[in-house]
Amino acid sequence: DAKTTQPPSMDCAEGRAANLPCNHSTISGNEYVYWYRQIHSQGPQYIIHGLKNNETNEMASLIITEDRKSSTLILPHATLRDTAVYYCIVKPNSGYALNFGKGTSLLVTP
Amino acid sequence: GAGVSQTPSNKVTEKGKYVELRCDPISGHTALYWYRQSLGQGPEFLIYFQGTGAADDSGLPNDRFFAVRPEGSVSTLKIQRTERGDSAVYLCASSLGTGQETQYFGPGTRLLVL
């Protein structure tokens with residue numbers, strides 16, 4: 001499975017957009033980009049996933065570059081409750097194990 | 001509906017003891033997964049069930065670890081002769097059918113081996 005690279009930590013002011021980058025330069029054509037987050041002392045929570053088109057749901061937007069070598073998760077109006085570790089995961093459609101890595105620790109400040 | 005539940009939420013045991021960790025998946029989900037998360041790390045895959053059978057147990061660290069899912073719903077992760085290095089959060093997830101869909105996680109069981 002392709003490896004992902006994320007910054008270890010980021011800060012964001014409450015109410016502003018949080019843009020979390022992820023590099024996955026070795027991604028294959030059949031691999032999806034998934035984002036999960038983990039709030040302290042809770043299990044991981046699914047956010048969004050995509051293959052090559054940009055995706056949006058009630059939680060976030062996912063922007064995937066045309067060459068698919070990187071993506072950005074956007075939380076449009078961050079709140080204090082969005083403080084969490086965010087994991088970018090690349091997974092083939094035929095696979096099932098999620099390879100989480102270390103993620104990005106996002107701190108949303110008042 | 002109800003999410004994935006795991007019991008106990010916390011377990012403290014002594015080195016050498018046997019422990020069982022339970023997972024109740026979302027109703028109707030046929031795929032079930034166990035992960036382990038050590039302090040400061042992301043979760044790591046242990047085992048995947050499709051129905052009653054373990055489709056992939058390649059992530060189990062050694063033969064002290066075993067998991068069952070006898071009726072295709074509830075699963076139990078069993079650890080024999082626990083070691084201090086087994087201390088971690090054990091996470092369970094389930095998904096709808098083939099194992100390729102979105103996985104939904106439980107809150108985890110925090111295991112501490114003294």
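In what follows, chains carry the letters A, B, and so on, assigned in the order in which the sequence lines appear, proteins first and then strands, with residues in each chain numbered from 1.
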For B:Gln37, which atoms come within 4.5 Å of any heavy atom of chain A: side chain, backbone, both, or neither? side chain

Below 4.0 angstrom, N of the basic side chain to O of the carboxylate: do B:Asp86 and B:Arg84 qualify? no

Can you tell which part of A:Ser105 gets under 4.5 Å to a heavy atom of chain B, answering side chain, backbone, both or neither? neither

Taking side chain as everything from C-beta outward and backbone as N, CA, C, O, which of these in A:Tyr32 sits under 4.5 Å from a heavy atom of chain B? Side chain, backbone, both or neither. neither

Using a 4.5 angstrom heavy-atom cutoff, name the option from B:Asp56, B:Thr102, B:Leu91 with the most pairs to chain A. B:Thr102

Charged N to carboxylate O under 4.0 angstrom, B:Glu83 versus B:Arg64? yes

Are more than 12 heavy atoms, taken from residues, nucleotides or ligands other than B:Glu44, located less than 6.0 Å from that residue's CD atom? no

Residue B:Tyr18 excluded, over 12 heavy atoms near OH under 6.0 Å: yes

More than 12 heavy atoms of other residues, nucleotides or ligands under 6.0 Å from CG of B:Leu39: yes or no? no

Contact part of A:Gln38 toward chain B, heavy-atom cut-off under 4.5 Å: side chain, backbone, both or neither? side chain

